[in-house]
Number of protein chains: 2
Amino acid sequence: MKSDFDNNIPIYLQLVEQLKRDIISGKISAGERLHSVRDLALELKVNPNTVQKALVELEDIGLIFTERTNGKFVTEDNALIEKYKQEYADKITEKYIETMQKIGLDKNEVLLLIKDLGGNK
Amino acid sequence: MKSDFDNNIPIYLQLVEQLKRDIISGKISAGERLHSVRDLALELKVNPNTVQKALVELEDIGLIFTERTNGKFVTEDNALIEKYKQEYADKITEKYIETMQKIGLDKNEVLLLIKDLGGNK
DNA sequence: CGCAATGTATTATTGACTTAATACAATGAT
DNA sequence: ATCATTGTATTAAGTCAATAATACATTGCG
């Protein structure tokens with residue numbers, strides 16, 4: 001797995017976002033077991049403490065749960081996952097539109113720009 | 001001026017982005033004098049050193065210039081400003097689309113979402 | 001001249017993130 | 001039973017952003 005982190009944002013927060021996306025996109029399925037804290041740390045080339053900190057946050061919001069001595073698993077609550085997906089999509093979309101408006105582009109200009117950029121799929 | 005900063009990103013970088021947007025949107029005009037480092041620090045309620053650090057970055061990329069003992073001014077090179085505006089819009093748009101694809105939404109779904117969200121203007 | 005305002009530089013301190021190196025607790029498998 | 005694997009906790013160190021408190025240099029102005 002590629003692990004390119006932005007130096008200007010705490011790694012554990014970027015990890016939270018990355019894993020959240022993996023879950024809401026279905027890349028990691030509901031009920032699926034995550035790699036162990038130590039393994040994830042090796043894969044991502046970060047400290048186990050950093051991974052642990054991220055996973056605690058994901059557990060706090062209910063996206064994963066822990067079976068002690070066995071591992072951590074993605075929630076089996078598909079409705080919750082779907083809720084976070086909608087929430088995530090809305091949040092970053094609103095933030096994006098807001099930023100574009102700050103530089104003076106309205107929604108129509110945004111729509112045109114998107115049609116021209118970012119792959120044709 | 002409201003100064004809501006994200007605790008998880010260095011303030012000086014958020015300041016660079018904010019001022020860059022103010023310039024490329026025309027909120028601060030070409031050739032216009034910025035408030036002094038000390039005044040900006042007071043307005044934004046941050047340390048003068050933090051403001052200074054941000055302004056150095058803006059000067060490095062040519063968006064502002066300094067007249068010692070007189071102040072700092074927005075560049076008068078409108079072509080440069082326009083270049084950064086295009087660059088900025090493209091960059092955040094591509095990043096946005098990329099993120100949406102990571103959670104499994106394609107461009108058509110993105111277009112629909114934008115039409116529904118973010119004000120009607 | 002003397003002073004105020006400008007940008008700039010320096011030193012010290014605090015706090016958060018990250019890493020490193022361990023250690024402990026609990027469970028499943030051999 | 002023993003051991004490996006899991007999550008979890010602790011302590012120490014290093015880095016960097018941010019603040020605070022100054023100080024210096026240069027220019028314009030009264």
Side-chain angles (χ1 to χ4, degrees), chain A residues 1-20 22-23 28-29 31-76, chain B residues 1-20 22-23 28-29 31-76:
Chain A
M1 173 157 300
K2 204 190 312 178
S3 54
D4 59 316
F5 291 110
D6 183 332
N7 288 325
N8 301 311
I9 304 176
I11 294 174
Y12 82 96
L13 287 179
Q14 297 181 61
L15 251 179
V16 168
E17 293 305 298
Q18 179 180 312
L19 289 166
K20 188 190 281 187
D22 287 345
I23 292 172
I28 309 180
S29 304
E32 187 175 339
R33 182 178 178 283
L34 300 180
H35 293 174
S36 77
V37 172
R38 290 172 178 81
D39 283 352
L40 279 174
L42 288 178
E43 294 166 17
L44 301 163
K45 296 178 182 171
V46 297
N47 194 275
N49 300 338
T50 305
V51 174
Q52 172 70 4
K53 191 168 184 178
L55 296 181
V56 165
E57 294 226 350
L58 285 173
E59 182 152 19
D60 284 347
I61 64 175
L63 276 180
I64 67 175
F65 63 92
T66 298
E67 285 185 13
R68 230 199 181 254
T69 77
N70 193 16
K72 290 166 177 290
F73 302 80
V74 175
T75 180
E76 292 162 351
Chain B
M1 172 153 303
K2 204 188 316 177
S3 52
D4 59 318
F5 290 112
D6 183 331
N7 288 325
N8 301 311
I9 305 175
I11 295 175
Y12 82 96
L13 287 179
Q14 297 182 61
L15 250 178
V16 168
E17 292 306 296
Q18 178 180 312
L19 288 166
K20 188 190 280 186
D22 287 346
I23 293 172
I28 311 178
S29 305
E32 189 175 338
R33 182 180 176 280
L34 300 181
H35 292 173
S36 77
V37 171
R38 289 171 179 82
D39 284 351
L40 279 174
L42 288 177
E43 295 166 16
L44 302 163
K45 297 177 180 170
V46 297
N47 194 275
N49 299 339
T50 305
V51 173
Q52 172 69 5
K53 191 167 183 178
L55 296 181
V56 164
E57 294 226 350
L58 285 173
E59 183 152 18
D60 283 346
I61 64 175
L63 276 179
I64 67 175
F65 63 93
T66 299
E67 286 186 11
R68 235 207 176 245
T69 77
N70 192 16
K72 289 168 177 292
F73 301 80
V74 175
T75 179
E76 292 163 350

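Letters A, B, ... mirror the listed sequences (proteins, then strands); counts begin at 1. The figures that follow rest on heavy atoms only: side chains count, while hydrogens, waters and symmetry mates do not.
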My understanding is that only residues two or more places apart in sequence, or in another chain, count here; which of them pass side-chain contact (heavy atoms from CB on, under 4.5 Å) with [X]?
X	answer
B:Asn8	A:Pro10, A:Leu13, B:Asp6
B:Asn7	none
A:Ile11	A:Phe5, A:Val46, A:Thr50
A:Val74	A:Ile23, A:Ile28, A:Leu34, A:Ile81

Task: B:Thr66 OG1 to B:Leu58 CG distance, which is reported to the nearest 0.5 Å - done: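 So the gap between those two atoms works out to 10.5 Å.
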
- [ ] For B:Glu59, enumerate each residue passing the salt bridge (charged side-chain N to carboxylate O under 4.0 Å, His left out) test, keeping only those at least two apart in sequence or located in another chain.
- [x]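 Expected list: B:Lys72.
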
Open item on the list: So, using salt bridge (charged side-chain N to carboxylate O under 4.0 Å, His left out) as the criterion, who are the partners of B:Glu76 when residues are at least two apart?
Closed with: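 Partners of B:Glu76 by the salt bridge (charged side-chain N to carboxylate O under 4.0 Å, His left out) criterion come out as none, since no residue qualifies.
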
Check [X] against [Y] and note the closest heavy-atom contact, atom names and distance.
X	Y	result
B:Ala54	B:Leu15	CB-CB, 3.8 Å
B:Glu57	B:Val16	CB-CG2, 3.9 Å
B:Ile61	B:Lys20	CD1-CE, 3.9 Å

- [ ] Quickly, which of A:Val56, A:Leu55, A:Leu19 forms a side chain to side chain contact (heavy atoms under 4.5 Å, CB included) with A:Ile64? Name it, please.
- [x]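 With A:Ile64 as partner, side chain to side chain contact (heavy atoms under 4.5 Å, CB included) holds for just one option, A:Leu55.
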
- [ ] Within residues 6-17 of chain A, find the residues that approach DNA chain D with a heavy atom at under 4.0 Å, and present them sorted by residue number.
- [x]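 When residues 6-17 of chain A is checked for heavy atoms under 4.0 Å from DNA chain D, there are no hits whatsoever.
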
Task: For chain A, the stretch of DNA chain C it reaches, first to last nucleotide, under 4.0 Å of its heavy atoms - done: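 Span of nucleotides near chain A: C:dC17 to C:dT27.
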
Expressed as a whole number of angstroms, how long is the span from [X]:[atom1] to [N]:[atom2]?
X	N	atom1	atom2	value
B:Leu44	D:dT19	CG	P	10 Å
B:Leu40	D:dT19	CG	P	14 Å
B:Phe5	D:dT19	CZ	C1'	14 Å
A:His35	D:dT6	NE2	P	11 Å

Task: Residues touching DNA chain C, which here means a heavy atom under 4.0 Å, drawn from residues 60-71 of chain B - done: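 When residues 60-71 of chain B is checked for heavy atoms under 4.0 Å from DNA chain C, the hits, listed by number, are B:Thr66, B:Arg68, B:Thr69, B:Asn70, B:Gly71.
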
Open item on the list: Please list, in numerical order, the residues of residues 48-57 of chain A that have a heavy atom closer than 4.0 Å to any atom of DNA chain C.
Closed with: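 Output list: A:Asn49, A:Thr50, A:Lys53.
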
- [ ] List in chain and number order the residues that pass side-chain hydrogen bond (donor to acceptor under 3.5 Å, both in side chains) with A:Glu32, two or more places apart in sequence or in another chain; answer none if no residue qualifies.
- [x]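 For A:Glu32, no residue satisfies side-chain hydrogen bond (donor to acceptor under 3.5 Å, both in side chains) once neighbours in sequence are set aside.
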
TODO: Could I get the full list of side-chain hydrogen bond (donor to acceptor under 3.5 Å, both in side chains) partners for A:Glu67, not counting sequence neighbours?
DONE: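 A:Glu67: side-chain hydrogen bond (donor to acceptor under 3.5 Å, both in side chains) contacts with A:Asn70.
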
